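The structure appears below as structure tokens.
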Amino acid sequence: AQSVTQLDSQVPVFEEAPVELRCNYSSSVSVYLFWYVQYPNQGLQLLLKYLSGSTLVESINGFEAEFNKSQTSFHLRKPSVHISDTAEYFCAVSLIQGAQKLVFGQGTRLTINP
Amino acid sequence: GAVVSQHPSWVICKSGTSVKIECRSLDFQATTMFWYRQFPKQSLMLMATSNEGSKATYEQGVEKDKFLINHASLTLSTLTVTSAHPEDSSFYICSATGTYEQYFGPGTRLTVT
């Protein structure tokens, strides 16, 4: 079975500061990796995903995540955050084969302070 | 991009009544849809996998007779909460599968009084 651990439940940072949201996973088989963002009272939006190829993946709004197989991690980073980045962030994995069922981490609440 | 809608976005019902939530893939066909439940400040919990034309697969601990799922077409799955009780109050989110990823609906807030 797969599991996902997000090490920080809350991360407060100041605007324009860098941020890293940590995600570690456990799986005996290869997986796809995802970061989703959820704004209050809304569904989830895909931020970025790792399927194969380059281990560094980027989103259009400045976030990036790096897949590290040896450390089974997929940490999310942004060099300079904005107030609008305040949201809940979920790391998730799915099996490469099968019904693409997602296993989510517990979520990290990112709060940007002015 | 792929769009998934849910209806209604919020609903208030009385204890003992049933509520139906619709999940639609608007611009693509989805043979598989998922239903999640999310409690405040918590992660998403997978309730069931909905497969078009066949019975849903429920996760352990989810009552199939209470949460009825129907996936009658490639663009529509419905979740009916039967004989709802206050403890069923939650945020229900559906998703539809694309080639590699899931596309999520905006969620439905259910409040049972």
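Treat the numbers as computed from the prediction; the structure is a model and nothing was measured. Each chain gets a letter, A, B and so on, in the order its sequence line appears, and its residues count up from 1.
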Check your understanding: Tell me, side chain or backbone of A:Glu88 under 4.5 Å from chain B's heavy atoms, or both, or neither?
Key -> neither
Point to revise | Distance (rounded to the nearest 0.5 Å) between A:Phe104 CZ and A:Gln6 CD | key: 10.0 Å
Revision key, fill the gap. Answer key: most heavy-atom pairs under 4.5 Å with chain A among B:Phe91, B:Tyr36, B:Phe104, B:Trp10 is B:Phe104
Exercise for review: For B:Asp88 and B:Ser90, test the side chains for any donor-to-acceptor distance below 3.5 angstrom and give the result as yes or no.
Suggested key: no
Point to revise | chain A contacts, top residue of B:Gln38, B:Arg109, B:Gln6, B:Met45 (heavy-atom pairs, under 4.5 Å) | key: B:Gln38
Revision key, fill the gap. Applying a strict 4.5 Å limit to non-hydrogen atoms, the region of A:Leu51 in contact with chain B is side chain
Point to revise | Contacting moiety of B:Tyr103, where chain A heavy atoms sit under 4.5 Å | key: neither
Check your understanding: Do B:Ile69 and B:Phe34 share a hydrophobic cluster, counting only Ile, Leu, Val, Met, Phe, Trp and Tyr and linking them when any side-chain heavy atoms are less than 4.5 Å apart?
Key -> no
Check your understanding: Is chain A contacted by the side chain of B:Gln42, its backbone, both, or neither, given a heavy-atom distance below 4.5 Å?
Key -> backbone
Exercise for review: Identify which one of A:Phe63, A:Phe34, A:Tyr39, A:Phe74 satisfies the ring pair (Phe, Tyr, Trp, His ring centres under 6.0 Å) criterion when paired with A:Tyr89.
Suggested key: A:Phe63
Review point. Does B:Arg37 pair with B:Glu59 as a salt bridge, N-O distance under 4.0 Å?
Key: no
Check your understanding: A:Leu46 versus chain B, heavy atoms under 4.5 Å apart: side chain, backbone, both or neither?
Key -> side chain
Exercise for review: Kindly compute the distance separating CG (A:Leu7) from OG1 (A:Thr108), expressed to the nearest 0.5 Å.
Suggested key: 8.0 Å
